[in-house]
Enquirer: 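Handing you a structure now.
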There are 2 protein chains.
Amino acid sequence: MLAVARGAFAELGYSGASMNEIAGRAGIRKPSLFHHFPTKEALYVEAVGAALAPLGELVAEASRSTGDFGARLDRLSEMVVDYLSAHPETARLLVREVLDSGPFLSAGGKQTVGAILGAVGEFLEQGMRAGAFREQDARHLALSIIAVHLFYWAADPLSGAQIEGSIFEAAEVASRRAAVVEHVRALVRVAT
Amino acid sequence: MLAVARGAFAELGYSGASMNEIAGRAGIRKPSLFHHFPTKEALYVEAVGAALAPLGELVAEASRSTGDFGARLDRLSEMVVDYLSAHPETARLLVREVLDSGPFLSAGGKQTVGAILGAVGEFLEQGMRAGAFREQDARHLALSIIAVHLFYWAADPLSGAQIEGSIFEAAEVASRRAAVVEHVRALVRVAT
DNA sequence: GTCTATACATCGATAGAC
DNA sequence: GTCTATCGATGTATAGAC
């Protein structure tokens with residue numbers, strides 16, 4: 001049910017996805033949907049939170065682990081690509097939310113997002129201090145890396161414009177994964 | 001008038017920005033707005049087209065010029081950053097449009113966007129053939145570069161989360177411009 | 001060109017039967 | 001828990017006076 005809402009909000013946006021539309025996709029009527037969630041906002045906030053949490057977990061895992069920074073970075077890149085490609089609505093939903101400064105960010109989600117952003121920055125700065133990543137502005141670096149990850153999946157009408165199938169097809173995902181690993185490496189200028 | 005609409009659509013999205021809201025911002029009433037544009041869609045398509053055109057011109061200029069690929073790439077990066085930072089609504093509006101597969105893309109704008117994307121790809125491939133850029137998938141490279149450019153300005157609540165002022169302030173723009181030039185260079189792996 | 005007034009659909013949300 | 005029916009507000013768009 002949250003999954004249905006996530007899909008609708010991702011596809012149509014917060015104001016574009018009506019409770020009627022979401023209920024219809026879930027195979028029930030509008031008042032039944034209001035029985036499970038007090039307001040549209042509450043439904044939306046839960047849907048975004050559920051979509052964001054696994055990404056925070058991936059970042060935390062990369063921060064928590066030890067060893068070679070380059071290998072940890074590559075692994076994080078791959079895990080994020082795999083997650084975003086396996087859940088096609090997620091990137092779109094998250095990008096929409098930051099564009100809107102939407103109900104999720106307004107309702108305490110700013111802390112969750114800030115924590116994830118901070119963890120990414122912390123990881124990058126550790127790598128710089130260790131000499132594995134080139135010294136540079138960690139904030140701009142983190143934002144560019146996040147951009148590379150999210151934009152491609154969120155903008156699939158643009159990303160898939162010149163290919164025949166879907167960007168979420170296995171072969172295309174593998175192609176993007178390889179490209180992202182390479183691009184993120186280049187951005188941090190990992191010593192190879 | 002188009003500028004007002006651009007701002008409203010960028011801030012609130014296509015379905016979130018009502019004709020009443022736009023008319024109010026322009027200092028007139030709703031029917032007066034309908035006198036200038038036959039439908040909401042027509043107003044929106046014109047607004048997006050006007051926002052996109054200058055970016056296409058910048059890419060065309062970079063393609064058209066001759067000389068060192070690294071220098072042309074740096075100049076293009078700087079020009080794009082300057083344009084997007086000087087028109088704070090633009091990136092948000094364009095990102096929204098690709099997320100929505102909105103009225104602009106549906107109404108023939110797909111060709112305009114495809115042409116720009118193609119020109120970027122062409123420029124990158126020329127640089128690769130010339131040995132100035134590292135050989136790689138030009139499509140994925142172009143999308144990552146576009147992501148680095150657009151996402152930062154579009155997601156300003158995220159981009160500006162850890163700084164005190166606005167990301168559109170002069171000092172912050174200069175900081176981002178330097179970072180973007182560096183990041184795009186790293187992505188293409190320009191030989192320095 | 002801009003206005004008041006309005007038509008008609010859909011929005012989020014609620015009441016109350018089953 | 002799900003439904004029909006409905007409330008009041010707001011959406012796009014139009015009619016017609018000035």
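The sequence lines fix the lettering, A, B, ..., with proteins before strands; numbering per chain opens at 1.
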Enquirer: Taking only the side-chain nitrogens and oxygens of His35(B), find out if one of them lies under 4.0 Å from OP1 or OP2 of dT14(D).
Expert: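 For dT14(D), OP1/OP2 do not have a side-chain N/O of His35(B) under 4.0 Å.
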
Enquirer: With respect to the phosphate group of dT10(C), does any side-chain polar atom (N or O) of Ser18(A) fall under 4.0 Å of OP1 or OP2?
Expert: no

Enquirer: For Asn20(B), check side-chain hydrogen bond (donor to acceptor under 3.5 Å, both in side chains) against everything at least two apart and list the hits.
Expert: none

Enquirer: Starting from the 5' end of DNA chain D, give me the residue, Arg29(A) or Pro31(B), whose nearest nucleotide shows up first.
Expert: Arg29(A)

Enquirer: Do other residues, nucleotides or ligands put more than 12 heavy atoms under 6.0 Å from the CZ atom of Arg29(B)?
Expert: no

Enquirer: Could you state the CE-P distance from Met1(B) to dG1(C), rounded to the nearest angstrom?
Expert: 10 Å

Enquirer: Between dG1(D) atom P and Ile28(A) atom CD1, what is the distance in whole Å?
Expert: 11 Å

Enquirer: Please pick, from dT12(D), dA13(C), dA5(C), the nucleotide with the shortest atom-to-atom distance to any side-chain atom of Phe34(B).
Expert: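 When the side chain of Phe34(B) is considered, dT12(D) is the closest of dT12(D), dA13(C), dA5(C).
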
Enquirer: Atom CG of Asn20(B) to atom P of dA9(D): distance rounded to whole Å?
Expert: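 Answer to the nearest Å: 15 Å.
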
Enquirer: Leu33(A) has an atom CG; how far is it from atom P of dC3(D), in whole Å?
Expert: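 The answer, rounded to whole Å, is 11 Å.
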
Enquirer: Mind checking if Ala17(B) touches a base, just sugar-phosphate, or nothing, with heavy atoms under 4.0 Å?
Expert: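 Sugar-phosphate only.
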
Enquirer: Mind checking Thr39(A) for me? I need base, sugar-phosphate or nothing, with any heavy atom below 4.0 Å counting as a touch.
Expert: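 Contact class for Thr39(A): sugar-phosphate only.
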
Enquirer: State whether the distance check finds a donor on one side and an acceptor on the other, under 3.5 Å, for side chain Lys30(A) versus base dG12(C).
Expert: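 Under the 3.5 Å cut-off, the side chain and the base do form a donor-acceptor pair.
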
Enquirer: Could you state the atom-to-atom distance from CE of Met19(B) to C1' of dC3(C) in whole Å?
Expert: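 Value for this atom pair: 16 Å.
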
Enquirer: If I take atom CZ in residue Phe37(B) and atom P in nucleotide dT2(C), what distance separates them, rounded to the nearest angstrom?
Expert: 11 Å

Enquirer: Hey, are Arg129(A) and Glu135(A) close enough for a salt bridge, meaning a charged N less than 4.0 Å from a carboxylate O?
Expert: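 Result for this pair is no, no salt bridge flagged.
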
Enquirer: Between Lys40(A) (NZ) and dT14(C) (C1'), how many Å, whole number?
Expert: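 For the pair Lys40(A) NZ and dT14(C) C1', the rounded distance is 17 Å.
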
Enquirer: Ring centroid separation for Phe123(B) and Phe69(B), is it under 6.0 angstrom?
Expert: yes

Enquirer: Under a 4.0 Å N-O cut-off, is there an ion pair linking Glu89(A) with Arg6(A)?
Expert: yes

Enquirer: Distance check needed: dG11(D) P versus Leu12(B) CG, whole Å only.
Expert: 11 Å

Enquirer: Using a 4.0 Å heavy-atom cut-off, does Ser32(B) contact any base of the nucleic acid, only the sugar-phosphate backbone, or nothing at all?
Expert: base

